[in-house]
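One structure is given below, encoded as C-alpha cells.
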Amino acid sequence: MYDNYDDGAPKQTFVQRFVDSFKPEPSSRPARVENTQTGAKVYDVEAAVAATSQSPLARKLKGRHLQMIAIGGSIGTGLFVGSGQALANGGPASLVIAFTIVGIMLFCTVQALGELATLYPVAGSFSAYSTRFLCPSWGYAMGWNYALQWLVVLPLEIVAATLTIEFWNHGSINNDAWVAIFLVLILTINLFGVKGYGEAEFVFSIIKVVAVVGFIILGVILDIGGGPGGAYIGGKYWRNPGAFNNGFKGLCSTFVTAAFAFAGTELVGLAAAETLNPRKSLPRATKQVFWRITLFYIISLTLVGLLVPYTDPRLLNGDNDADAKASPFVIAIQNAGIKGLPSVMNGVIMIAVLSVGNSSIYGSSRTLAALAEQKQAPRILGYIDRKGRPLVGILLASLLGFLAFLAGSSKQTDVFRWMIAVSGLSSVFTWGSICLAHIRFRKAWLLQGHTLSELAFRSQCGVYGSWVGLILNILVLIAQFWTGFAPVGWEQMTAAARTSNWFQDYLALPIVLAFYIPHKLYFRTKVVRTHNMDLHSGIRELNLTELLAEEERERQSWPRWKRIWHMFC
C-alpha cells in the first residue's frame, strides 16, 4: 500500500492523496456574540474581518491568469448577442453612447476595487468590504445578492450553450444530453481548484480576444468595401434608418444591456484572495480593463452599428440571450456573404457561454464561503478542503445547475425569464457598493493618520472617480426603473403586463431589501464609523512600506518609455 522514502516515511498512493484532498482544511471561525444583558444578538464585525483575512483558500493564480480574466473574463453573450436587441431598441448611436458611459462607470469601479483588493486581498472581496467599510447588514445583502446572481446564471448559461449547438445540428440530438455534458465539464474544471479555473479562463479569454480582434479587422474591411460584394458601406446605416431609435427611452433601455454585458468584470477583485502575488499582479490586471472597454466593446460595437441596420428583423429573432440568430456579429458576417465564418462566430459564442458558466461556479462558491466565514451563511458553506476548494459551495452551485434540465419543460420560458430577472441588476448594486466602500475607506485611511503613498496601488481615478462611478450606477438604476415600468410600447400593454415587466427588470431591488431589512432589524447594526474601521487586518505584506519604497527607487531608474508603458499596462 505504501512506497517508502529514503528516510523511511510512508508515501501515499494517488488514490489516498486524492481522497485526503477532500478533507477539511483546519481554520478558526469567528462566532457571533450574544449580549447577556439584553439577550439581543450582536454582530461581531471584527471577527468577520479576521475570518476573511485568514481564509485557507489556495493562492495559486498567477499574473497571466489574472490579466486574462481582466482582459477577456466578462466578454460573453452580452456583447456577442445581447447587443443585438440593444441595437434594435436604441439604434447604433445609443448603443455606442450607453456602452461608453457604462464603460467609464466600470473603469472607475474597477480602479477602486483594484486599490482595495491590492491592499486587502481577502476572501469575499467586495461583499466583505461592504461589511467592513459600510454596514454589516449591507455587506450581508450584497454577499447574498452576488451569490444568487451567479447561482442562477449557471443553468441559464448551460441552456444557452445547448442552443448554440442547434446552430449546427438543428435539434437532432436532445438538448438534455448536451446539458449533462456541459454540466460535467464545468464541474470538473472547478474541481481542479482555482488553478483549474484560472487555466480554463486563460484559454477561453484568449479565444474570445482573438475573435473580437479578428472581427474588428474584418469589420473595417467590410465597411470600406473590401468584402465579397465590394460595396462601400461607410456610415450609410447611421443616416438611413438613422442613428437613434425610440428617442431617449431607447437610449435608457440600452443601459441595462450594457450593464449586463460588463457583468463579471469585478471577478478580478474576487480572485485577489487566491492570487500568488496580488500586490504585483492585481494593479496590472486592473489597468487592462481600460483596453478591454475601449478595444473590445466600444470599437467592435461601433463597427456593428456601421454594418447592421437597427431595422434588421433578425436582431429580435433569437429564442434566448445566447441564440446566434440574433447576434449582430453573425448577422454582419452573413450580410457580407462570407461562408463558414458564421459557424466560427457561433463556436466563439458557445465558448463565451461556457466561460460564463465556469465563472458562475467560481463566483458563487467563493462568495458563499466568505459569507459563511463571516457568519452570514450556514457554516457548512464555509467548508474548504485541503486543496483550498470551497467544496460545499461548488457542489451547491452544481446542483442548481441541474435546473438546466428544465430546457425540455413546457414552462421553460417563464422559469428562465424569472431567473434572468434575479441576476439582471445585481451587478449594478455590487458596483455601486464597491465605489461607496472605496470612498469610505479613503476617508478612514486619511482620518487615521495614513498617507496615500502608503497604498500598494492607488486608483488612477482617485476618490473622485469613485464618486463618478457611484453616481453613474445610481443613474443606471433610475433609467432601468423608468424603462421597466414604462417600456418601449407600454401604451399597448395591460397593467398586469407592465407590472410583470417591472418585476422582471427590477427584481434585484426586492431581493436586496429582503436580505438587508431583516438582518438590520435583527442585529440592529449601524454604519461603521470611519474612526473605528479596521485598516490593518488582511494586509498580506507586513513590510509594505519598505517594499513600496524599494519599488519606487527601482522605477526611478527605468527609461521614460518603460514608465509610460507601466502607467497603462
Side-chain angles (χ1 to χ4, degrees), residues 17-18 20-30 48-71 73 110 113-129 132 189-203 205 266-286 288 358-359 361-374 381-394 455-457 536-544 547-548 551:
R17 291 196 305 271
F18 176 76
D20 287 348
S21 72
F22 293 98
K23 292 181 179 179
E25 175 69 28
S27 61
S28 59
R29 301 272 192 258
V49 171
T52 55
S53 302
Q54 301 166 7
S55 174
L57 291 171
R59 298 172 180 174
K60 294 185 178 180
L61 282 180
K62 299 179 181 178
R64 64 182 178 89
H65 297 138
L66 213 59
Q67 288 183 44
M68 290 311 298
I69 291 172
I71 292 175
V110 172
L113 177 59
E115 180 177 308
L116 291 171
T118 302
L119 188 63
Y120 305 111
V122 299
S125 189
F126 29 82
S127 64
Y129 300 147
R132 183 172 188 167
I189 290 173
N190 278 272
L191 284 179
F192 276 100
V194 68
K195 194 169 183 179
Y197 165 75
E199 293 294 351
E201 283 305 298
F202 183 78
V203 174
S205 294
E266 69 287 336
L267 279 172
V268 69
L270 192 66
E274 296 175 89
T275 302
L276 192 62
N277 190 348
R279 186 173 56 83
K280 287 190 174 181
S281 301
L282 198 57
R284 294 191 66 183
T286 300
Q288 304 294 336
N358 186 39
S359 295
I361 288 188
Y362 178 83
S364 59
S365 63
R366 269 61 181 181
T367 303
L368 288 171
L371 286 169
E373 287 173 345
Q374 297 174 83
L381 292 174
Y383 183 97
I384 297 176
D385 63 22
R386 294 184 179 180
K387 291 293 185 180
R389 298 169 295 199
L391 201 59
V392 176
I394 291 174
L455 295 174
F457 168 70
H536 301 286
S537 299
I539 298 178
R540 194 177 294 181
E541 304 287 354
L542 298 179
N543 56 339
L544 186 59
L547 287 171
L548 291 174
E551 290 176 1

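Numbers here simply count residues along the sequence, with the first being 1.
- Within the 3.5 Å criterion, the main-chain N or O of F202 finds no donor-acceptor partner in the side chain of S205.
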Which is it for Q54 and S537 under the side chain to side chain contact (heavy atoms under 4.5 Å, CB included) test, yes or no, and what are the steps along the way?
-> CA-CA 9 Å; Q54 301 166 7; S537 299; over 6 Å; no
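- In this view, A272 and A117, P121, L282 satisfy the side chain to side chain contact (heavy atoms under 4.5 Å, CB included) rule, not counting sequence neighbours.
- Nearest heavy-atom pair, P390 versus L57, reported as atom, atom and distance to 0.1 Å: CD-CD2, 4.0 Å.
- The OH atom of Y362 sits 9.5 Å away from atom CG of N190, with the distance rounded to the nearest 0.5 Å.
- Taking CG from L368 and OG from S127, the interatomic distance works out to 10.0 Å, rounded to the nearest 0.5 Å.
- Annotation: side chain of L267 is in contact with side chain of Y197 (closest heavy-atom distance under 4.5 Å).
- Under the ring pair (Phe, Tyr, Trp, His ring centres under 6.0 Å) criterion, Y129 pairs with no residue at all, not counting sequence neighbours.
- Legend: salt bridge (charged side-chain N to carboxylate O under 4.0 Å, His left out) pairs involving residues 192-202, not counting sequence neighbours, sorted by first then second residue: R64-E199.
- Annotation: salt bridge (charged side-chain N to carboxylate O under 4.0 Å, His left out) contacts of E274 (sequence neighbours excluded): R366.
- Taking both residues in full, the closest heavy atoms of F126 and E266 are given as CE2-O, 3.3 Å, listed atom of the first, atom of the second, then distance.
- For residues 115-125, the side-chain hydrogen bond (donor to acceptor under 3.5 Å, both in side chains) pairs, not counting sequence neighbours, are E115-H438, E115-R442.
- Between T52 and A128, the shortest heavy-atom distance links the atoms CG2-CB, 4.2 Å.
- Distance alone, capped at 3.5 Å, is enough to place a donor-acceptor pair between the R389 side chain and the L191 backbone.
- To the nearest 0.5 Å, atoms OG (S365) and CG (L391) are separated by 9.5 Å.
- Residues I189 and A200 come closest through the heavy atom pair CG2-CB, 3.7 Å.
- Within the model, atoms CD of E373 and CD1 of I384 stand 4.5 Å from one another, a figure rounded to the nearest 0.5 Å.
- Contact detail for P283 and P278: the closest heavy-atom pair is CD-O, 3.4 Å.
- Every residue two or more places apart in sequence or in another chain that forms a side chain to side chain contact (heavy atoms under 4.5 Å, CB included) with V392 is listed here: I380, L381, Y383.
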Please assess L113 against T286 for the test side chain to side chain contact (heavy atoms under 4.5 Å, CB included), listing each intermediate value before the final yes or no.
-> CA-CA 9 Å; L113 177 59; T286 300; over 6 Å; no
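- Between S53 and V49 the shortest heavy-atom distance is OG-O, 2.7 Å.
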Trace of the side chain to side chain contact (heavy atoms under 4.5 Å, CB included) decision for I539 with L119 | CA-CA 6 Å; I539 298 178; L119 188 63; 4.1 Å; yes
